[in-house]
There are 2 protein chains.
Amino acid sequence: MQVTRAVDYGLRALILMSRQPVGARFFLQDLAQDGGLPRNYLVKVLKSLACAEIVRSHRGIKGGFSLGRAPREISLRQVFESIDGPVTVMHCLPDPGSCSYSGKCAAEVFFGQLRQSILANLEAHTLQDLLDLQAKIDCSKNCACHPEPAHAETTARKG
Amino acid sequence: MQVTRAVDYGLRALILMSRQPVGARFFLQDLAQDGGLPRNYLVKVLKSLACAEIVRSHRGIKGGFSLGRAPREISLRQVFESIDGPVTVMHCLPDPGSCSYSGKCAAEVFFGQLRQSILANLEAHTLQDLLDLQAKIDCSKNCACHPEPAHAETTARKG
DNA sequence: ACATCATAAGACCTCAATGTCCTTTTGTCA
DNA sequence: TGACAAAAGGACATTGAGGTCTTATGATGT
């Protein structure tokens with residue numbers, strides 16, 4: 001019952017990117033450093049997100065990654081599924097034919113309901129919600145005398 | 001975001017055992033066969049459940065496994081945690097010290113809430129609920145002309 | 001054209017989850 | 001007490017998640 005590291009990393013990178021206007025460029029290197037994420041693994045996650053057009057990738061010397069659309073248009077379910085594939089909760093749920101007990105199994109029914117509630121939750125929230133949450137956290141931290149983020153480079157590159 | 005096979009198998013075995021009075025004995029062999037579970041893996045899961053006193057194991061020629069207490073006294077959270085350890089959802093949640101972003105991370109807050117809702121769900125339901133669900137399924141199946149369970153041995157051994 | 005530096009792509013490694021197999025220990029019964 | 005059949009326990013194989021590394025490819029400035 002764990003969120004995979006891939007989704008975790010993807011969300012952290014997306015939160016960093018959401019703090020700047022859509023279209024702002026971010027280098028893999030900076031995202032990894034500022035998010036405390038393994039660079040060479042993050043690149044695979046971002047590739048999945050690029051396939052789903054949640055982010056755009058730009059090659060070349062002034063390349064980088066940018067958000068593909070506004071944070072409010074990116075549901076957490078879309079992030080989960082573009083990285084991990086369908087949210088299954090129990091392996092037999094999305095493919096009833098794979099289990100000979102399908103349709104006569106209490107566990108299947110119970111976890112089907114749990115899955116629906118999780119999916120509803122992920123679908124009801126967008127990256128914007130996480131961004132708002134982050135803004136609230138940052139504000140309360142800044143009011144006290146907390147240290148600055150590790151790298152000023154988190155801000156997007158100016159073309 | 002998946003329930004592990006171990007928990008899946010454990011629940012299936014517990015549902016089989018719950019259909020007989022507490023104390024009834026079940027051989028590993030029968031549980032595995034009737035539940036369609038890998039015998040040699042199931043034994044490890046049952047050992048975890050035995051450590052948590054959710055089941056009792058009995059050695060010797062007329063040994064087997066029995067429920068440790070009434071299905072209504074076994075919450076699904078207990079089953080999950082005795083097999084898999086704490087339900088973490090996100091690896092850093094139960095141990096804030098493990099993550100340098102703890103307390104300043106929107107993902108942590110969001111998944112903390114998701115975790116609470118999952119835990120509440122697992123805590124609010126017991127094996128008895130799954131049993132009731134199973135009874136309902138069995139009833140509706142028997143009213144139609146569905147095949148019998150694979151093995152009559154699913155019924156407990158009469159000591 | 002070419003050097004530079006970004007992502008793209010894929011090989012490769014490690015480890016935990018999953019699953020199998022075999023030997024040992026233990027309780028029952030003749 | 002000895003044979004039998006059950007769980008206990010540990011070694012080992014397989015698979016996928018998580019992570020690293022190297023080479024290819026493309027955009028930019030000179």
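Here is how names work: the chains are called A, B, and so on, in the same order as the sequence lines, proteins then strands, and each is numbered from 1. Values in this document were obtained by computation on a predicted structure and should not be read as measured data.
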- Mind checking salt bridge (charged side-chain N to carboxylate O under 4.0 Å, His left out) for B/Arg77 and listing every partner two or more places apart, or none if nothing turns up? B/Glu81, B/Glu123
- Query: For B/Phe65 and D/dA8, what is the distance between atoms CZ and C1' respectively, to the nearest whole Å?
  - Reply: 9 Å
- Test: B/Arg12 and B/Asp8 ion pair at under 4.0 Å: yes
- Sole candidate of A/Arg56, A/His58, A/Met17, A/Arg25 that passes side-chain contact (heavy atoms from CB on, under 4.5 Å) when paired with A/Phe65: A/Met17
- Message: Output the rounded distance in Å from CZ (A/Arg25) to C1' (D/dG26).
- Response: 13 Å
- Mind calculating the distance between NE2 (B/His91) and C1' (C/dA17) to the nearest angstrom? 18 Å
- Residue-phosphate contact under 4.0 Å: B/Lys47 side-chain N/O, D/dG9 OP1/OP2: yes
- 5' precedence on DNA chain C between A/Gln29 and B/Ile61 (nearest-nucleotide basis): A/Gln29
- Message: I need the NE2-P distance between B/His58 and C/dG27, as an integer number of Å.
- Response: 12 Å
- Message: Classify A/Gly63 by what it touches in the nucleic acid, base, sugar-phosphate, or nothing, heavy-atom distance under 4.0 Å.
- Response: nothing
- Take atom CG of A/Leu28 and atom P of C/dA9, then tell me their distance rounded to the nearest Å. 14 Å
Got a list of side-chain donor-acceptor pairs under 3.5 Å for residues 105-116 of chain B, not counting sequence neighbours?
{"from": "B/Glu108", "atom 1": "OE1", "to": "B/Gly103", "atom 2": "N", "distance (Å)": "2.7"}
{"from": "B/Glu108", "atom 1": "OE2", "to": "B/Ser102", "atom 2": "OG", "distance (Å)": "3.0"}
{"from": "B/Arg115", "atom 1": "NE", "to": "B/Val87", "atom 2": "O", "distance (Å)": "2.8"}

- Heavy atoms only: give me the nearest A/Ala6-A/Ile83 pair and the separation to one decimal. CB-CG2, 3.6 Å
- Task: Sugar-phosphate atoms are those with a prime plus P, OP1 and OP2; base atoms are the rest. Using that split, label each nucleotide of nucleotides 13-24 of chain D B, S or - for protein heavy atoms under 4.0 Å, 5' to 3'.
- Result: -----BBBB---
- Would you check if A/Tyr9 and A/Leu46 make a side-chain contact, meaning some heavy-atom pair closer than 4.5 Å? no
- Measure the distance from CG on A/Leu31 to C1' on C/dA6 and round it to the nearest whole Å. 13 Å
